[in-house]
Amino acid sequence: MTKKEIFIVSAFTENSVWKQVLGICSALAVTNLMKNSLVMGLGVTFTLALSGLTISLLRQYIPKRVRMMVQTLIIASYVIIVDIFLKAFYPEMSKALGPYVGLIITNCIIMGRAEAFAGKNKPLDSMIDGIGAGLGYSLVLLLISFFRELFGFGSVMGFSVLGDWWYRWSIMVMAPSAFFMLAILIWIIEGPLRANRKK
Amino acid sequence: MGKNKIPFTESRSYPVFFMILITVIFIGILATFHQITRQRIENHRILSYKKTVLSLFDLPFTNIEADYNDFIEENNQNGMDYLTARKENQIIGYGFNISGSGLWGSIHMIIAVTPDFQEIIKLDILDQNETPGLGGRITESWFKDQFSGKDFVEQGKIIPFKLVPEEDDIDLKEIRQITGASSSSKAVVKILYLELQNIADKLGIKYD
Amino acid sequence: MEVNPLIIFIAAIFTSNILLTNFLGMCSFLSVSREVESSIGLGLAVFFVLTFTTAINYVIYHFILVPLQLVYLQYIIFIIIIAAFVQLIEMIIERFSPVLYYTLGIFLPLITVNCAILGVSLFMVIREYTFIQSVLFGAGSGLGWLLAILALAGIRQKIKYKFVPAGLQGAGLSLIITGIMALGFIGFSGIVIIQ
């Protein structure tokens with residue numbers, strides 16, 4: 001596979017969210033605002049790319065028995081860097097995201113990519129795979145949060161677009177809507193879109 | 001162990017050695033990164049607090065550090081910390097840090113009241129852990145600004161504000177609550193009520 | 001924080017279920033909920049690990065990390081404690097109770113990466129809980145998680161052979177069911193009034 005193919009495969013065709021429904025735990029809760037989703041997506045992408053690179057660089061040296069521990073340690077370190085960075089430069093955002101930045105560690109996508117790709121491939125490829133998977137993930141978050149914020153707050157990225165006449169749908173701000181939005185997204189992608197492609 | 005010819009990477013102690021090495025390296029990187037940014041985070045916290053205080057009293061904050069020292073005096077009476085704001089040698093109000101439990105954790109707020117301790121000048125939320133997008137909206141300015149200019153004394157007693165639905169128009173003693181987050185809205189009003197009583201108690205303020 | 005620990009316990013089970021309102025622990029929730037039996041096994045394991053790791057992490061955080069000013073390392077420490085605890089329990093169970101090992105032990109490796117476990121420890125720190133509050137919050141969250149996965153597994157078993165539109169099979173439908181369950185759980189919000 002060329003680098004471009006790796007990117008496209010991990011970002012779209014094999015997108016972890018809609019193919020395997022991985023990694024939604026850490027971020028679904030912040031998808032009621034687009035800004036939070038964007039930062040969360042970037043944080044995951046950063047962690048994915050660099051942990052992929054690091055694990056791939058070390059892949060010949062990591063002893064099999066402590067593999068999981070080493071991966072967790074590497075991932076956690078990058079997440080802490082993201083956390084400190086947000087605290088130092090975007091304290092407001094850091095507060096808004098609360099514990100969810102730390103929960104990137106247990107995002108199954110990162111562990112999954114480390115196991116499935118970075119442990120077996122060249123460093124640069126692994127990094128591209130990580131960026132691809134991260135951006136694919138961010139895309140899903142942004143799509144969900146776009147609709148939740150639009151209907152729930154009448155705004156996009158914090159800018160009011162629907163005006164005062166819009167009656168805010170509280171349900172869109174609350175948790176259940178995230179489940180429904182994700183289900184609808186998966187339905188559209190796995191159902192009609194996939195069926196069309198097969199013809 | 002020592003004499004057979006297994007390469008080190010296959011030996012039993014290798015995983016332990018590797019774990020320790022990698023832990024040391026990564027913790028080292030993190031510690032350095034933390035040290036570099038620590039001062040910045042701390043400064044930022046103090047500056048943003050001071051800026052909040054200044055903006056509560058509608059004071060200028062072009063040079064936060066100097067302005068804070070010029071206008072604000074930190075006092076303590078009967079174990080109660082409070083801030084006194086002066087402008088042209090005239091006391092324009094008092095500031096108090098108040099806190100209490102919200103739906104999920106503590107809510108820390110800061111309020112400015114008029115010198116006669118009758119009216120809220122402004123209220124700001126310093127720290128809260130309410131649900132993002134729901135209770136977290138207590139930090140939105142439309143919610144906080146409702147408290148400005150509100151008189152909290154009635155017939156010689158401190159009274160709590162009444163909550164009304166978000167869409168309603170508000171009266172003098174009423175606050176519009178956040179749809180879907182009534183508990184958090186209630187918490188803010190309740191903390192305000194309890195803490196105002198506490199402050200009046202400690203500072204010996206009486207209304208006749 | 002002067003909230004009654006028992007209220008936190010009840011709230012963690014019903015009104016703010018860690019899974020249905022905070023989406024934590026979704027991955028294993030969706031993949032294991034096919035069968036009621038394995039759901040109970042995983043649910044119990046989560047409950048058990050959650051209660052104990054919250055207690056351990058509380059002690060470590062307040063008596064080691066805070067005094068040594070190492071709070072910024074909390075993520076690494078928490079996840080290592082969780083991983084080590086899970087590993088330890090797995091070894092103990094394997095040695096002493098083969099029966100328990102087959103009902104509970106096989107799910108243990110899944111737990112380290114269950115976001116709910118780390119999530120509870122992080123929430124405990126952010127919400128400034130006391131020790132008792134933390135432990136009851138952990139136990140309540142574990143029970144709430146067990147309740148949610150059990151309910152989903154029951155429903156999925158019932159509709160196993162029913163017609164489901166293409167594209168919704170599997171994850172899609174599970175998410176919709178979970179969404180409806182989350183709506184239902186909002187109905188509980190009246191039972192706990194946090195001052």
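So that the names make sense, note that chain A is the first sequence line, chain B the second, and so on, each numbered from 1.
Contact count against chain B (heavy-atom pairs under 4.5 Å) is highest for A:Ile81 among A:Thr54, A:Leu58, A:Ile80, A:Ile81.
Looking at A:Ile171, neither its backbone nor its side chain comes within 4.5 Å of chain B, counting heavy atoms on both sides.
Heavy-atom neighbours of chain A within the stretch residues 35-54 of chain B, taken at a separation under 4.5 angstrom, comprise B:Thr37, B:Arg40, B:Ile41, B:His44. Annotation: residues 14-24 of chain B contacts chain A through B:Tyr14, B:Pro15, B:Phe18, B:Met19, B:Ile22, B:Thr23 [non-hydrogen atoms, separation under 4.5 Å].
The environment of NZ in B:Lys144 is crowded: more than 12 heavy-atom neighbours from other residues, nucleotides or ligands sit within 6.0 Å. For B:Asp127, the CG atom is densely surrounded, since the number of other residues' heavy atoms within 6.0 Å is greater than 12.
Under the 4.5 Å side-chain criterion, counting only non-hydrogen atoms from C-beta, A:Tyr78 is not in contact with B:Leu30.
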